[in-house]
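Just so you know, residue 1 is the first one in the sequence shown, and it goes up from there.
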Amino acid sequence: MMFEHHTTTARTTDRQDIRTYQVTKYGDVIASQRNKGIAKGKRAKRIFISKTSFYLSNELTDTELQAVKKWQQDKEQGKKTKAPWLPEKRHIKTIRKHYSASEINRKRKELEGLIANNFSGDDSREVFATLTYRKSFKVETVKRHVKQFERVLKDSYNVDYIVVPELNSLGIVHLHYLMRFDNKLNYKAFWDFLEDNWKHGFSHVSAMTAPERLGAYLLPYYSKSELAQGEWEQELVSNPDKLKQAEQLLKDGTINKRQAKTIAKKQRLKLLPKTLKVLRKSRGVEKPITVTTTDRRLAEMLEDRYFCYGEIKEVTFRNINSETGEISNDTLIIYSDHYKLDRPHQQALYNYARAILNRQRRIRESGEKDGSRWLRTCQNGRVRGGVVNG
């Protein structure tokens, strides 16, 4: 039985049987259980009063929090009122021009989920294409070229795609496309199509035989030591030194070509501007199903299936008591089990998870509560997160 080894200190009896499942059509199934309960209610939430200014919910007193929420309601109703001004509790959001390592890690996780849910490795319909540039262009020009190309692509083929841009060693952008066609693809005709419609550089197409490996190739993972390295802008300045160091290590034989390429890719991702999105998808690319429920049948469908590995993740966050001002650290512990299923069982699990989501949506829309249970926080009993099957 799953989660027998899981013990938490902050879990409440109301949440013992609540589990979160991430289900994809072709990849691993992830079953998670976390000690939300009290810890979830204590986590600070950002309440923005402008594009860059915000308050933290756990730093406000009850009176201040009510005043801010009333201002939010008035704003939603179109009333012009001034936001409560609390200068000593105001925070400023830092706007970066480049992606941070933690942002790239999140994008990689999202990319792996999209690939697992939309690409099965059918080389007759799924391809990996790369479009390059002969010379450097401004970001606005690149976006215009891409928009024109994708418009012609959609007019010519029934296709869905994921796009990941990257900079080469000269700082010139190139684009990686993961494409899924509705019908069997004529490779020669598609080669001719790219030559006729992408005249800014070279293009390359290959069959997608191992889609599960592309996430790690396109967006490398940043370790905890790399996440903790100083300010990001300072890291950008030191970028050439790290590339030279990698080249020297390669010459000395300390690292191999693959490791050197990964180091260079990580450094170049830091230089990619945010205006050129590091991950983009078409409308037909569906996200994995994530369902939070007490339904035991999902757990039973995973029993006796191939267990890949388990993860334990601890997230530490600061908590400030609004009444006393006392600062404490709380830990959110997340337990995740990864399972690999064969196609028939995976499809059955996917359909059942989708049915649960549809039922939850109907219950939320209609206000029906029989046969279901609302997620509630332990502090104030307010509904958070919708309906969970009982």
Side-chain angles (χ1 to χ4, degrees), residues 1-3 6 11-12 14-37 40-41 43 45 106-107 109-120 160 162 180 211-212 215 279-303 305-308 311 313 332 334-377 381-390:
M1 186 70 181
M2 294 188 306
F3 305 111
H6 297 167
R11 188 192 305 150
T12 64
D14 290 338
R15 291 179 172 269
Q16 281 182 355
D17 299 326
I18 297 178
R19 296 168 186 169
T20 299
Y21 300 85
Q22 180 175 309
V23 187
T24 62
K25 292 180 181 177
Y26 310 110
D28 294 350
V29 175
I30 305 174
S32 302
Q33 189 175 26
R34 62 188 71 191
N35 63 339
K36 287 182 179 177
K40 180 71 175 179
R43 295 191 74 180
K45 291 187 176 181
R106 287 195 295 270
K107 289 294 182 180
K109 188 176 180 181
E110 180 183 352
L111 174 62
E112 289 177 338
L114 291 174
I115 292 174
N117 199 46
N118 294 275
F119 295 91
S120 62
D160 292 305
I162 300 173
R180 184 192 65 200
E212 66 277 359
L279 176 61
R280 192 166 51 82
K281 67 180 184 68
S282 62
R283 290 184 179 179
V285 176
E286 298 179 350
K287 293 182 179 180
I289 289 180
T290 302
V291 56
T292 301
T293 180
T294 58
D295 195 310
R296 295 183 180 276
R297 185 179 171 187
L298 277 173
E300 293 171 356
M301 293 174 76
L302 286 175
E303 287 183 0
R305 300 301 169 194
Y306 179 69
F307 175 76
C308 296
E311 289 181 309
K313 183 180 180 181
L332 177 66
I334 305 172
Y335 302 90
S336 299
D337 289 343
H338 295 242
Y339 292 85
K340 191 74 175 178
L341 280 67
D342 53 20
R343 283 290 167 81
H345 288 98
Q346 185 140 6
Q347 192 63 43
L349 187 71
Y350 186 86
N351 293 336
Y352 189 71
R354 182 176 287 279
I356 291 176
L357 281 180
N358 291 337
R359 181 173 182 271
Q360 290 177 353
R361 190 179 299 112
R362 289 195 302 269
I363 293 174
R364 281 196 298 268
E365 291 174 354
S366 64
E368 178 186 351
K369 295 187 178 63
D370 52 317
S372 63
R373 182 161 60 85
W374 293 89
L375 280 178
R376 300 177 184 276
T377 60
R382 292 183 59 194
V383 174
R384 293 179 186 270
V387 180
V388 178
N389 291 348

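Taking OG1 of Thr292 as the start and CG of Leu357 as the end, the distance is 9.0 Å to the nearest 0.5 Å. For the atom pair CD1 of Ile30 and OG1 of Thr20, the computed distance is 11.0 Å after rounding to the nearest 0.5 Å. Ile334 CD1 to Glu311 CD: the interatomic distance, rounded to the nearest 0.5 Å, is 10.0 Å. The distance from atom OH of Tyr339 to atom CD of Glu303, rounded to the nearest 0.5 Å, is 8.5 Å. Here NZ of Lys287 is found 11.0 Å from CD of Gln22. Values are rounded to the nearest 0.5 Å. Here the straight-line distance linking atom CZ of Arg280 with atom CG of Leu111 works out to 13.5 Å at 0.5 Å rounding.
For Lys340, the salt bridge (charged side-chain N to carboxylate O under 4.0 Å, His left out) partners two or more places apart in sequence, or in a different chain, are Asp28. Residues forming a side chain to side chain contact (heavy atoms under 4.5 Å, CB included) with Arg343 (at least two apart in sequence, or on another chain): Tyr26, Ser120. When the side-chain hydrogen bond (donor to acceptor under 3.5 Å, both in side chains) test is applied to Gln347, the partners found at least two apart in sequence or on another chain are Asn351. Residues passing the salt bridge (charged side-chain N to carboxylate O under 4.0 Å, His left out) test with Lys107 are Glu110, sequence neighbours excluded. The side chain to side chain contact (heavy atoms under 4.5 Å, CB included) search around Tyr352 returns Asp295, Arg297, Leu298, Met301, Ile356, not counting sequence neighbours. Applying the salt bridge (charged side-chain N to carboxylate O under 4.0 Å, His left out) rule to Arg354 yields the partners Glu286; only residues at least two apart in sequence or on another chain are considered.
Side-chain contact between Leu341 and Leu302 is present, with heavy atoms from C-beta onward closer than 4.5 Å. Proximity of Asp160 to Asn118: side-chain heavy atoms (C-beta onward) are nowhere separated by under 4.5 Å.
Of all the heavy atoms in Ser336 and Ser32, the pair that sits closest is OG-OG, 2.9 Å. Considering all non-hydrogen atoms of both residues, Val23 and Ala353 come closest at CG2-CB, 4.2 Å. Among all heavy-atom pairs drawn from Leu114 and Phe119, the shortest one is O-CD1, 4.4 Å. Between Arg180 and Gly284, the closest heavy-atom pair is NH2-O, 3.5 Å. Shortest non-hydrogen contact noted between Thr24 and Tyr350 is C-CD1, 3.9 Å.
Side-chain N or O atoms of Gln346 include none that pairs as donor or acceptor with a backbone N or O of Val29 at under 3.5 Å.
Summarising the local packing, CZ of Phe307 is surrounded by more than 12 heavy atoms from other residues, nucleotides or ligands at distances under 6.0 Å.
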